[in-house]
Amino acid sequence: MRMSQLFSHTLRDAPSNTQAISHQLLERAGFIRQLGAGIFTAMPLGHRALAKIEQIVREEMNAIGGQEIKMPVVNPADVWQETGRWYAIGSEMSRFQDRTGSEMVLAMTHEEVVTDLARREIRSYRQLPRLVYHIQTKWRDDPRPRAGLIRVREFTMKDSYSFDVDEAGLDQQYRAHYQAYFNIFHRCGLDVIAVGSDTGMMGGSLAHEFMVLAPIGEDTLILCDSCGYADNRQVATFQKPPAPAEAPRPIEKVATPDVTTIDDLTAFLEIPPAKTAKAVFMMAEVAGQKVQSQEVESQEDEEQESEERFIFAVVRGDMEVNETKLANAVQARALRPATDEEIRAIGAEPGYGSPIGVHDALIVADEAIVESPNLVAGANEAGFHLRNVNTGRDFTPDIVTDITAAGEGNACPQCGHALRADRGVEVGNIFKLGTRYSAAMGATFKDSERVARPIVMGSYGIGIGRALACVAESHNDEYGLIWPITIAPYQVHITALTGRDEEVAQVADQLYADLSAVGVEVLYDDRDESPGVKFNDADLLGMPLRITVGSRGLKKGVVELKRRDRKERTPVPLDEIIETVQAEIAALAAEIEAQVVDVPFRES
RNA sequence: CGGGGCGUAGCGCAGUUUGGUUUAGCGCGCACGGUUUGGGUCCGUGAGGUCCGCGGUUCAAAUCCGCGCGCCCCGACCA
């Protein structure tokens, strides 16, 4: 490609509405242009890089038996109604009516469509297992797009869907994806870790997220440097310090004026936080009556199947509530803090709450509460607390489970080493869906006993644009981008220092032609610009190899070769440049290839 | 959706507080001419603006007021 013909141009200054380094560099280098919040055009250079990522994805998906298809972006509402997500998902899913007034949605993922396909195509266990995937535009009306391509509303995603007869088959495909994803990201030059994750709105039994560790990341990860444990904070666990065994003592009311926080309480009573019970009041939006939607005829009914329920969560004073765990424990669609009025309505008191004697509330106690005797809790009366509160004797939780948040310094659940928290960008995820969608939509197969059984499914996604942004985010220096050879829009950037010397242009033209002829992808800066401009643009654009053709070198019969990621510039005789470039490309590719290794499967 | 910030030429900004001398400027970029040719050369000429939109106040609005729209950041949210 001749730069004189290129559709995009570089910017000396980043647009003022950019913040993330990847966003700034991709904009400045002309890889992307923004149309609206979370809506971008991929310009020629950006499009080429994205296409390369997609091709890597294809190769790895094909390698594990994937068959590429393409499903529609616009879906009739009915399949989404069948699974209930039409009602469960809020304004993040955009809906509209077609000309006949039929409800339509812009697909934000494709479980419904692919399950519809499966029930049409798959009849027998003999047709299983199968794996299909597609690379398609998705629309999610995210309330807060940010950081350029990191979090957008319209984006391209690879999603694959596996179909199996049983859990064992699903596990096999799940593990195949686990390794394929590492291969894909490693081939893109991305350093990722797999962390155990919440299944969120997808449902399902097991899920991993593939994370690029980066400060710009929005997910908090809990990691163990000793044994490799890694979970999203939403699901991370830890070894809770046990409470000393004590015989239960009689409950005792104490005056604690103006003591409303755990800090105040521990100071006032001179006790450790672990001897206190912390109350957290939430309102949960929960489904009213269970609707196992096999045949949901009355849609309106289901729409109204949502009510608010008061959640009284209790954790030990030395721990924090993890809202994701809490929401899962009570099967809530959403949680919000309760108001003071709502707290008083159940018989509790803000700042002095305890589960003793409250009514119309679902009491959820953390495991550690049950194991910890003689805690100090509120008296549900302003200015008073209770000593020696004991679970079972003084109150009975409705649910006992782990609802605490793991954090920096907690003990690793596997080895006890101190945990570390870090930030990550999710570039991929894998979910064991099980039969949630197939059962809801009637996607069944006949097994060898002629019994119809729901197909066991998995769902696996990769954000293509987000992956590109992550590469840009992690591969750059003060001068610009530094693309891995595998996804660089072009492998070589020829900088022709054309001046009065006509030979330079002739040699550069020939070099461009010769390299192109042997299959090397070349971006050729043939513009009438000063050397400084060309060098700076070459650095900004970040192609892995740069060839400088100038009269200074030509006098000695050489051109200069430079790797973008290194300082050295090497003079190469003109008659050796083709082979040298090919060798350098091979070397760069080998460096990436060396990163593509088998990764042992970890549950978390 | 809550809090904050911003919206003036393709990009970056000044001007807005204190309305009028601003036919709205500056740098970069762009066009033309010349110059230069190994790290954003230099000189000259020139084009380019609904000052986000609508409404209001005023003799007079980029500037004050109201409403709306858009974008960015923090939070809520996020398959």
Side-chain angles (χ1 to χ4, degrees), chain A residues 8-20 23-24 27-28 30 33-39 85 88-93 107-112 138-148 150-153 155 157-159 161 197-204 207 209 216-220 232 234 323-324 327 333-337 425-431 433 437 459-463 466 479-480 495-502 504-505 525 527-540 546-555 559-560 562 569 571:
Chain A
S8 59
H9 68 283
T10 56
L11 298 172
R12 191 173 294 210
D13 302 304
S16 61
N17 64 354
T18 61
Q19 192 84 24
H23 191 189
Q24 294 188 338
E27 244 345 307
R28 283 188 56 207
R33 293 293 181 239
Q34 184 165 2
L35 180 63
I39 307 176
R85 285 162 117 193
I89 299 173
S91 51
E92 198 183 335
M93 182 160 75
M108 46 194 294
T109 176
H110 282 81
E111 280 77 17
E112 279 77 3
K138 318 238 165 185
W139 170 261
R140 289 182 193 172
D141 196 358
D142 192 304
R144 197 185 158 202
R146 61 177 285 272
I150 299 285
R151 185 168 160 184
V152 293
R153 295 196 291 171
F155 55 102
M157 184 170 203
K158 184 289 298 181
D159 39 331
Y161 302 93
S197 74
D198 186 44
T199 51
M201 83 171 195
M202 301 290 292
E209 292 169 336
I216 198 174
E218 298 184 89
D219 290 278
T220 300
N232 193 305
Q234 294 177 324
E323 287 193 23
T324 304
R333 288 178 189 167
L335 285 180
R336 66 167 175 86
V425 178
E426 180 188 352
V427 288
N429 55 39
I430 56 179
F431 285 93
L433 295 177
Y437 294 90
S459 166
Y460 318 85
I462 288 179
R466 187 178 276 189
Y479 304 107
T495 304
L497 303 183
T498 45
R500 288 230 178 83
D501 192 346
E502 286 175 20
V504 172
D525 193 347
R527 298 173 303 169
D528 182 21
E529 290 287 354
S530 69
V533 171
K534 292 192 174 186
F535 285 133
N536 278 294
D537 276 349
D539 288 343
L540 176 60
R546 186 183 79 196
I547 301 173
T548 303
V549 182
S551 54
R552 189 200 283 176
L554 288 189
K555 283 179 189 141
V559 293
E560 176 190 282
K562 178 181 177 298
R569 308 162 180 198

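Just so it is clear, the model here is predicted, and its values are computed rather than measured. Just so it is clear: chains get the letters A, B, ... in the order the sequence lines come, proteins before strands, and each one is counted from 1.
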| said: Please classify the nucleic acid contact of S551(A) as base, sugar-phosphate, or nothing, using heavy-atom distances under 4.0 Å. | reply: nothing
| query | At under 4.0 Å between heavy atoms, what does G36(A) touch on the DNA or RNA strands: base, sugar-phosphate, or nothing? | reply | sugar-phosphate
| Touch check for E560(A), heavy atoms < 4.0 angstrom, all strands: base, sugar-phosphate only, or nothing? | base
| said: So P143(A), base contact, sugar-phosphate only, or nothing? Heavy-atom distance under 4.0 Å. | reply: base
| Checking all strands, does N536(A) fall into the base, sugar-phosphate, or nothing category for heavy-atom contacts under 4.0 angstrom? | base
| request: Would you tell me whether D525(A) and T495(A) have side-chain atoms, one donor and one acceptor, within less than 3.5 Å of each other? | output: no
| request: For A107(A), answer base if it contacts any base atom (sugar-phosphate contacts may also be present), sugar-phosphate if it contacts only those atoms, and nothing otherwise; contact means non-hydrogen atoms under 4.0 Å. | output: nothing
| query | Can you tell me the Watson-Crick or wobble partner of C1(B), both distances under 3.5 angstrom? | reply | G75(B)
| field | Any-strand Watson-Crick or G-U partner of G70(B), both distances under 3.5 Å | value | C6(B)
| salt_bridge(R28(A), D13(A)) N-O dist < 4.0 Å | no
| message | At 4.0 Å (heavy atoms only), tell me whether T495(A) reaches a base, stays on the sugar-phosphate, or touches nothing. | response | nothing
| query | Reckon R569(A) touches a base, only the sugar-phosphate, or nothing at all at heavy-atom distances under 4.0 Å? | reply | base
| note | As its Watson-Crick or G-U partner within any shown strand, both distances under 3.5 Å, U18(B) has none
| request: Identify, between K138(A) and L497(A), the residue whose nearest nucleotide on RNA chain B lies closer to the 5' end. | output: L497(A)
| Lys/Arg-Asp/Glu bridge criterion (N-O < 4.0 Å) met for D141(A), R153(A) | yes
| task | For G532(A), answer base if it contacts any base atom (sugar-phosphate contacts may also be present), sugar-phosphate if it contacts only those atoms, and nothing otherwise; contact means non-hydrogen atoms under 4.0 Å. | result | sugar-phosphate
| said: Among C77(B), G12(B), C71(B), which nucleotide has an atom closest to any side-chain atom of A37(A)? | reply: C71(B)
| query | Between E426(A) and A147(A), who's closer to the 5' end of RNA chain B by nearest nucleotide? | reply | A147(A)
Filtered N/O pairs between nucleotides 4-10 of chain B and protein, under 3.5 Å:
none

| task | Mind checking D537(A) for me? I need base, sugar-phosphate or nothing, with any heavy atom below 4.0 Å counting as a touch. | result | base
| If you look at every strand shown and take non-hydrogen atoms under 4.0 Å, does F155(A) touch a base, only sugar-phosphate, or nothing? | base
| What is the nucleic acid contact for R546(A), judged by heavy atoms within less than 4.0 Å: base, sugar-phosphate only, or nothing? | base
| task | Would you classify D539(A) as touching base, sugar-phosphate or nothing, given that sugar-phosphate means primed atoms plus P, OP1 and OP2, and contacts are heavy atoms under 4.0 Å? | result | base
| query | Within the structure shown, what part of the strands sits under 4.0 Å from R146(A) by heavy-atom distance: base, sugar-phosphate, or nothing? | reply | sugar-phosphate
| field | Pair R546(A) + E560(A), salt bridge at N-O below 4.0 Å | value | yes
| Under a 3.5 Å cut-off for both distances, is C32(B) Watson-Crick or wobble paired, and to whom? | G44(B)
